[in-house]
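Written below as structure tokens is the structure these notes are about.
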Amino acid sequence: MQIAEKIAEIASELAPYQARLIAVSKTHPAESIKEAYDAGQRLFGENKVQELTEKAEQLPKDIEWHLIGHLQRNKVKSIASFVSLIHSVDSIRLLEEINKQGEKFQRQIVCLLQMHIANEETKFGFDRNELMAALPEIKKMSWVRVVGLMGMATFTENQDQVRSEFRGLKILFEEIKKSHCGGNIVMQELSMGMSGDYKIALEEGSTLIRIGTTIFGSRNYHN
Ligand SMILES: *Cc1c(COP(=O)(O)O)cnc(C)c1O
């Protein structure tokens with residue numbers, strides 16, 4: 001199926017929910033992104049800073065670029081002037097750098113806090129205690145705006161496990177929304193769900209689904 005058809009199909013699945021699609025274009029060429037753009041897609045996600053900045057230069061300026069992959073502190077300056085949303089903020093030290101670059105560019109940088117919800121060692125993110133300790137610190141960072149949480153479920157066939165991880169993240173999201181918001185922290189976006197699990201994520205309250213393979217096909221990492 002063509003990229004445009006895939007996007008239309010996902011859009012119809014999204015319609016009953018208050019959720020938006022991030023088209024994850026990592027490893028795919030600018031021409032594929034243009035095809036999605038011509039089909040009306042404006043939100044794109046990349047996981048590497050260099051790839052994101054190169055594509056942003058080549059493609060229309062009304063694209064909203066989302067960084068979804070692990071971000072190193074020394075790379076923040078390359079995206080600080082234009083990135084729409086950083087989904088993958090996983091430490092206070094990284095936030096401090098984002099705050100610093102925000103001030104330099106005189107632009108409040110919008111972020112999600114990545115939570116470690118998977119039953120796997122390899123995924124980045126805050127745990128609950130780290131998050132609670134971070135919130136008062138974040139309130140002092142005026143060039144950062146935190147608008148929600150992001151999480152990646154365990155890579156497993158076990159749908160009950162995936163569902164319960166997403167549900168746990170949604171419960172935490174609601175708890176923070178109720179008791180810890182204010183100033184530069186608001187809980188509006190819950191980024192969860194990829195090609196393999198976005199239907200479950202939608203049912204569990206996702207507002208941003210990040211989909212690559214279903215739209216663009218499988219990735220070739222040998223380049
Ligand atoms: C690659 C990636 C996705 C998209 O994964 P697909 O399975 O191709 O849909 C989503 N989120 C993150 C953080 C990713 O790195």
Side-chain angles (χ1 to χ4, degrees), residues 1-11 13-14 17 19-29 32-33 35-36 39 41-55 63-72 75-76 79 83-91 94 110-126 147-159 161-163 165-166 169-170 189-223:
M1 218 190 270
Q2 297 298 305
I3 289 171
E5 290 171 60
K6 283 292 182 188
I7 286 175
E9 186 180 303
I10 296 168
E13 290 168 338
L14 279 179
Y17 301 95
R20 292 180 295 159
L21 168 64
I22 315 292
V24 177
S25 46
K26 63 189 187 196
T27 77
H28 296 286
S32 299
I33 300 176
E35 217 175 307
Q41 181 67 25
R42 291 294 179 274
L43 278 53
F44 290 88
E46 290 282 339
N47 69 336
K48 294 207 171 83
V49 165
Q50 191 180 340
E51 194 173 338
L52 190 159
T53 52
E54 284 171 9
K55 287 173 174 171
I63 288 180
E64 288 186 26
W65 292 101
H66 291 227
L67 187 81
I68 61 171
H70 182 63
L71 176 58
Q72 289 171 308
K75 305 256 171 81
V76 175
I79 55 170
V83 70
S84 283
L85 182 61
I86 304 175
H87 291 231
S88 43
V89 174
D90 57 5
S91 74
L94 175 59
V110 188
C111 301
L112 303 178
L113 302 178
Q114 181 171 357
M115 299 302 301
H116 185 275
I117 60 170
N119 191 11
E120 287 164 4
E121 283 299 318
T122 52
K123 299 215 163 112
F124 295 99
F126 290 93
V147 299
L149 305 179
M150 181 270 224
M152 290 171 83
T154 305
F155 188 71
T156 172
E157 294 289 305
N158 183 342
Q159 307 234 319
Q161 183 179 349
V162 170
R163 187 179 295 281
E165 290 172 358
F166 285 153
L169 185 58
K170 168 73 167 171
E189 303 289 357
L190 189 52
S191 170
M192 55 185 199
M194 311 173 30
S195 291
D197 56 20
Y198 73 91
K199 290 177 190 169
I200 300 174
L202 287 170
E203 288 166 5
E204 298 303 329
S206 175
T207 70
L208 293 172
I209 55 171
R210 311 177 309 270
I211 300 195
T213 309
T214 300
I215 298 170
F216 297 107
S218 59
R219 289 179 287 272
N220 175 8
Y221 282 107
H222 306 283
N223 53 15

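Fair warning: this is a prediction, and the values are worked out from it, not measured in the lab. Read the numbers this way: they start at 1 and go in the same order the structure lists the ligands and their atoms.
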(Q) When you measure from the side chain of R219 to the backbone of H28, do you find a donor-acceptor pair of N or O atoms at a distance under 3.5 Å? (A) no

Q: Please state whether R219 comes within less than 4.0 angstrom of ligand 1, counting heavy atoms only.
A: yes

Q) Should I79 and I86 count as side-chain neighbours, where that means a heavy-atom distance under 4.5 Å? A) yes

**Q.** Non-hydrogen atom of I211 closer than 4.0 Å to ligand 1
**A.** yes

Q. Heavy-atom distance under 4.5 Å between the side chains of E64 and L85, does that happen here?
A. no

Q | Numbered atoms of ligand 1 (with element) below 4.0 Å of T213, judged on heavy atoms | A | 6 (P), 7 (O), 8 (O), 9 (O)

Q) Any luck finding a side-chain donor-acceptor pair between R20 and T207 under 3.5 Å? A) no

Q. Between the candidates M194, K26, R210, which shows the shortest non-hydrogen contact distance to atom 14 (C) of ligand 1?
A. K26

Q | Aromatic plane relationship, W65 with F44 - under 30° parallel, 30 to 60° tilted, over 60° perpendicular | A | tilted

Q. Hey, which atoms in ligand 1 end up nearer than 4.0 Å to a heavy atom of G212?
A. 4 (C), 6 (P), 8 (O), 9 (O)

